[in-house]
Amino acid sequence: MPDSIAVFPDNAPGRFHVNSECIDCDACRDHAPAFFKRNEDAGHSFVAAQPGDEAAVAACAEASALCPVSAIVDTASG
């Protein structure tokens, strides 16, 4: 990861995180609202809860794939 891309500290620890490439587009929050929330003060999304089962992981992975700027990182995918 380049030095200019930072991981937001409000992400829940675990497999998925949102980085500073986030443009606050709502895609992840619309697709997987149980896992992605908005930092109202900073104007970006973050992972509020990590997925706990296969269906939840799939929802987060789909949200990652929908992100137009690839700001959602799945550390298990390479």
Result of checking Cys22, Ser45, Cys67, Pro33 against Cys28 for side-chain contact (heavy atoms from CB on, under 4.5 Å): Ser45
So if you build clusters from Ile, Leu, Val, Met, Phe, Trp, Tyr with side-chain heavy-atom gaps below 4.5 Å, do Phe8 and Phe35 land together? yes
Side-chain donor/acceptor of Ser64 to backbone N/O of Val73, under 3.5 Å: no
Going by heavy atoms in the side chains, are Phe36 and Cys60 under 4.5 Å from each other? yes
Over all atoms of both residues, closest heavy-atom pair of Asn11 and Val47: OD1-N, 2.9 Å
Looking only at heavy atoms, which two atoms of Gln50 and Phe16 are closest? And how far apart? NE2-O, 2.7 Å
Provide the closest heavy-atom pair for Pro68 versus Cys25 in the form atom of the first, atom of the second, distance. CD-SG, 3.7 Å
Heavy-atom closest contact (Ser70 atom, Asn19 atom, distance): O-ND2, 4.3 Å
If a pair satisfies salt bridge (charged side-chain N to carboxylate O under 4.0 Å, His left out) and one of its residues is in residues 36-47, list it, with sequence neighbours excluded. Asp24-Arg38, Arg38-Glu40
Measure from the side-chain N and O atoms of Glu21 to the backbone N and O of Ile5, and report whether any donor-acceptor pair falls under 3.5 Å. no
For residues Arg15 and Val57, report the shortest heavy-atom separation together with the two atoms involved. NH1-CG1, 3.4 Å
At their closest point, which heavy atom of Phe46 faces which heavy atom of Asn39, and how far apart are they? CE2-N, 3.6 Å
Can you run down the salt bridge (charged side-chain N to carboxylate O under 4.0 Å, His left out) pairs that involve residues 44-67, sequence neighbours left out, and say none if there aren't any? none
